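Here's the structure we're looking at; comments come further down.
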Amino acid sequence: MWSLLLLCIYGRAQVKNDTIPKEKEAEELEEITIQSTRTSRTIRNTPTRIETIDAEELEEKSNMKPSNVSMLLHESTGLQVQQTSATSGNASIRVQGLDGRYTQLLKDGYSNFGNFASGLSILEIPPLDLKQVEVIKGPSSTLFGGGAIAGVINFISKTPTEKGEHNFIFNQSNIGQTNIGGYSSQRIGKWGYAILATLNFQNAYDVDKDDFSETPKSKNYTINPRFFYELNETTRFMLGNSFTQSNMKGGDMNVLRGNADNNHTYFEKNETKRNTTTFEFDKKTTDRNSFKLKQSLSFFDRKINIPNYEFSGLNTNAFTDASYLWVTDKSTFIAGINLVYDHFEQGTVSNLNAKSFTNGAYLQHTWDISEFIKLENGLRIDNVKYSNINFSKNQSFVLPKISALFKFDSNWSSRIGAGLGYKIPTVFTEQTETLQYQNVLALNEVQAEKSIGGTADVNFKTYLLDDFTMSINQMFFVTQIDKPLVLENNGTDSYFINASKAIISHGFETNLKFIYKEDFKYFVGYTFTDARANYLDGQKFLPLLPKNKVNMALIYEKENNFKMGLEGYFTDTQFLYNGIQTPSFWEFGFMAEKTIFKKMALFINFENFTDVRQSNYEKVANGPHNAPTFNDIWTHTEGFTINGGVKLKL
């Protein structure tokens, strides 16, 4: 029962087998093991508040957007995908209303998606090989270090089993998107393998016929093999390499068709290559204790072109984490050291060259005070040296964290948590991404941003009838960021300063889930966010942030046979950077999937069938075709889309 409460936090976990009795069903769901806390605990015994998106919902969302995880995140309570380019579709993820740079994106615990790569990261993570997604909202610096101010999103990959898993998907949309993907894994004796391969094509699409693309012409592919070896019952190795190459070109449709002339010249082109090598060593020292070493080396090469301007660079990231876990009857300890090297080298000139080196040590203690009270406290100490062409700075950070789980009875529980965080300065933000880093000056004598924040929630679950279950999660949050890094403009150049007053974001999330006979599931999520930049004069609300959001979904499913779903989303008014307020809007979607021949499924998805798009309210592109300007993006640009395809499970 407890796990159903926790799963309802994210509002979309689904039961695996209709025939499992309620008591057995609850017991099995409770065995969801959380990887982000590294303590090998189940979700029901973890004091840190963690929301999980399970494999079944991941599979459903891959029907809607097989190429990346943007749809999965966009339709989740408390998360917001912010598009940063009207023509190329670049986007970042916001948690609790805060800029994307305050959230760490991890793949299997490796942090290779920040800085120069942040504006494209969620567009380059395919969902096909994911087992689950774990979301920690609020300060999470003890285990994850700098950048985890708003939270952490950890994408957990599947691992090979003796039975093996071999999945394939083909998808086609009405706006010219084609997706082909395959995932295969199996364990054979001491060896195991997992390989992901995806290929995506997109035609340029102009829905409002203004001669500017709403989706870019693009092609990208990913190949990610991983190999596993079990030396003996206590020693395991993993070696993997992920390579992604992407080319996107948006802008004037005449240019994209090869018909450029003096009046039609504008385009925006992004070319990227990402290569990440990962290594993991896991050694059990006793039945309950273990040592783990994780290492990764990532290269992200990107080139941005618009008429008469080019920006390019190579971001190198090296990550090492060594930790030891030991367990006693009442306690779980994890201690470790963490080294992170990050270096950005600009391609043509060296104006924005920068590098940083972080060395940290951490200790976390989880204490089972009783069956009903679990306490977790942690401490991290980081020393960071960062530098660029203008200055060099060395700062140390002491980051305490505490969280607690209270189980009042089988129906009621609560979690509370609080901690400190920090983010070292960077020029790579959502605002500078929209400028393609034109006329952005190097940082000069700025300091790291520091934060304090916390969350608290209450969970309740009950059976209204024998076949009718209801659960609710009510969560409250607050985060304060001191000395926030703010972009200023002197009329020619853009530059960053530390503001003297803080950013404060607070609000709450409400999630309701109703299940009837395991066939009908109804989910409602509501998010209220009040985030203000106190350094602003006049209107202080953070731009492009709706104060109120609602997401709803009604699902009907017969396991391994048929399922369909109707979804609705409400987005409240938002303030633009110029202070203008946008209209509120609703959007709706419908999907259906039918299993045939046991190993094949056909699916179709009607996304945003009410055709909500920004061009219905205002122009997105302004001015002449050879020198356009673009409005802030605050809703969909492409409008109503239809996609469908076939999935195979061999």
Side-chain angles (χ1 to χ4, degrees), residues 33-38 50-55 58 61-62 65-73 76 79 81 91-93 95 100-101 103-136 140 143-145 147-148 151-160 181 183 185 193-198 220-228 238-246 272-280 282 292-300 315-321 323 338 340 342:
T33 301
I34 297 300
Q35 295 191 24
S36 296
T37 58
R38 310 189 208 179
I50 299 178
E51 306 172 5
T52 63
I53 307 174
D54 70 358
L58 288 168
K61 293 303 182 186
S62 70
K65 196 84 171 180
S67 58
N68 58 64
V69 296
S70 61
M71 183 68 70
L72 170 73
L73 300 177
S76 299
L79 304 182
V81 174
S92 66
I93 179 68
V95 177
R101 70 180 186 269
T103 297
Q104 271 203 19
L105 298 182
L106 308 175
K107 183 73 181 290
D108 299 317
Y110 296 99
S111 56
N112 302 308
F113 296 101
N115 291 337
F116 191 36
S118 57
L120 292 169
S121 289
I122 63 172
L123 303 181
E124 295 188 342
I125 302 175
L128 190 58
D129 70 331
L130 297 180
K131 179 175 67 175
Q132 65 190 44
V133 178
E134 299 172 0
V135 181
I136 305 176
S140 309
L143 296 180
F144 304 108
V152 171
I153 303 176
N154 194 6
F155 300 91
I156 309 298
S157 301
K158 299 174 183 177
T159 54
Y183 170 78
S185 68
Y193 75 90
I195 184 167
L196 168 73
T198 63
N220 71 73
Y221 70 90
T222 296
I223 182 75
N224 179 16
R226 291 177 295 145
F227 299 96
F228 302 79
M238 187 280 294
L239 179 65
N241 192 83
S242 176
F243 180 80
T244 298
Q245 183 167 342
S246 177
T272 66
K273 294 179 182 178
R274 183 199 299 270
N275 192 85
T276 303
T277 303
T278 55
F279 170 79
E280 194 166 311
D282 196 341
K292 180 171 286 188
L293 174 66
K294 298 169 69 79
Q295 290 186 300
S296 69
L297 179 63
S298 177
F299 299 96
F300 182 78
N315 203 117
T316 303
N317 182 281
F319 170 88
T320 300
D321 187 278
S323 61
N338 185 219
V340 181
D342 192 90

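Worth knowing before you read on, the calculation uses all heavy atoms, side chains too, and leaves out hydrogens, waters and symmetry mates. Remember, predicted model here, so these are calculated numbers, not experimental data.
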Stepwise, does the side chain to side chain contact (heavy atoms under 4.5 Å, CB included) test hold for Ile156 with Asp108?
CA-CA 5 Å; Ile156 309 298; Asp108 299 317; 4.1 Å; yes
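- Between the side chain of Asn338 and the backbone N or O of Thr320, at least one donor-acceptor pair lies under 3.5 Å.
- Counting non-hydrogen atoms of neighbouring residues, nucleotides and ligands closer than 6.0 angstrom, the NZ atom of Lys273 reaches no more than 12 such neighbours.
- Looking at heavy atoms from C-beta onward, Ile93 lies in side-chain contact with Val81 at the 4.5 angstrom threshold.
- Between Phe300 and Phe116, the shortest heavy-atom contact is CE2-O, 3.8 Å.
- Looking at Ile223 and Ile195, their side chains come closer than 4.5 Å, going by heavy atoms from C-beta outward.
- The two atoms that bring Lys292 and Asp282 nearest to each other are CE-OD2, 3.4 Å, heavy atoms only.
- Among Thr276, Leu297, Asp342, the one residue that satisfies the side chain to side chain contact (heavy atoms under 4.5 Å, CB included) test with Asn317 is Asp342.
- Rounded to the nearest 0.5 Å, atoms OG (Ser185) and NZ (Lys158) are 7.5 Å apart.
- Note on ring orientation: taking the six-membered ring where Trp is involved, the planes of Tyr221 and Phe243 are tilted (angle from 30° to 60°).
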Please walk me through it: do Arg226 and Ser157 pass side chain to side chain contact (heavy atoms under 4.5 Å, CB included)?
CA-CA 10 Å; Arg226 291 177 295 145; Ser157 301; 3.6 Å; yes
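- Taking CD1 from Ile136 and CG from Leu143, the interatomic distance works out to 7.5 Å, rounded to the nearest 0.5 Å.
- For the pair Ser111/Phe319, a side-chain contact is recorded, criterion being any heavy-atom separation below 4.5 Å from C-beta on.
- Side-chain contact between Leu196 and Pro126: present, with at least one pair of heavy atoms (C-beta onward) separated by less than 4.5 Å.
- Rounded to the nearest 0.5 Å, atoms CZ (Arg274) and CD (Gln245) are 13.0 Å apart.
- From Thr244, atom OG1 reaches atom CG of Asn220 across 7.5 Å, with rounding to the nearest 0.5 Å.
- Contact annotation: the side chain of Leu130 approaches that of Val69 to within less than 4.5 Å [non-hydrogen atoms, C-beta and beyond].
- Atoms CG and CD1, on Leu73 and Ile53 in that order, are 6.5 Å from each other to the nearest 0.5 Å.
- Thr222 and Asn224 form no side-chain donor-acceptor contact under 3.5 Å, judged by distance and modelled atom types alone.
- Nearest heavy-atom pair, Ser36 versus Phe144, reported as atom, atom and distance to 0.1 Å: O-CZ, 3.3 Å.
- Residues Thr278 and Ser296 bring no donor and acceptor atom of their side chains to less than 3.5 Å of each other.
- A donor-acceptor pair under 3.5 Å links the side-chain atoms of Glu134 to the main chain of Gln35, judged by distance alone.
- Here the CD1-CG distance, from Ile125 to Leu105, works out to 5.5 Å after rounding to the nearest 0.5 Å.
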Is there a side chain to side chain contact (heavy atoms under 4.5 Å, CB included) between Lys107 and Asp129? Walk through the geometry before answering.
CA-CA 11 Å; Lys107 183 73 181 290; Asp129 70 331; 3.6 Å; yes
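- With hydrogens and angles disregarded, a donor-acceptor distance shorter than 3.5 Å links the side chain of Asn154 to the backbone of Gly109.
- Residues Leu106 and Ile153 form no side-chain contact, since every pair of their non-hydrogen atoms from C-beta on lies 4.5 Å or further apart.
- Closest of all the heavy-atom pairs between Pro127 and Lys65 is CG-O, 4.0 Å.
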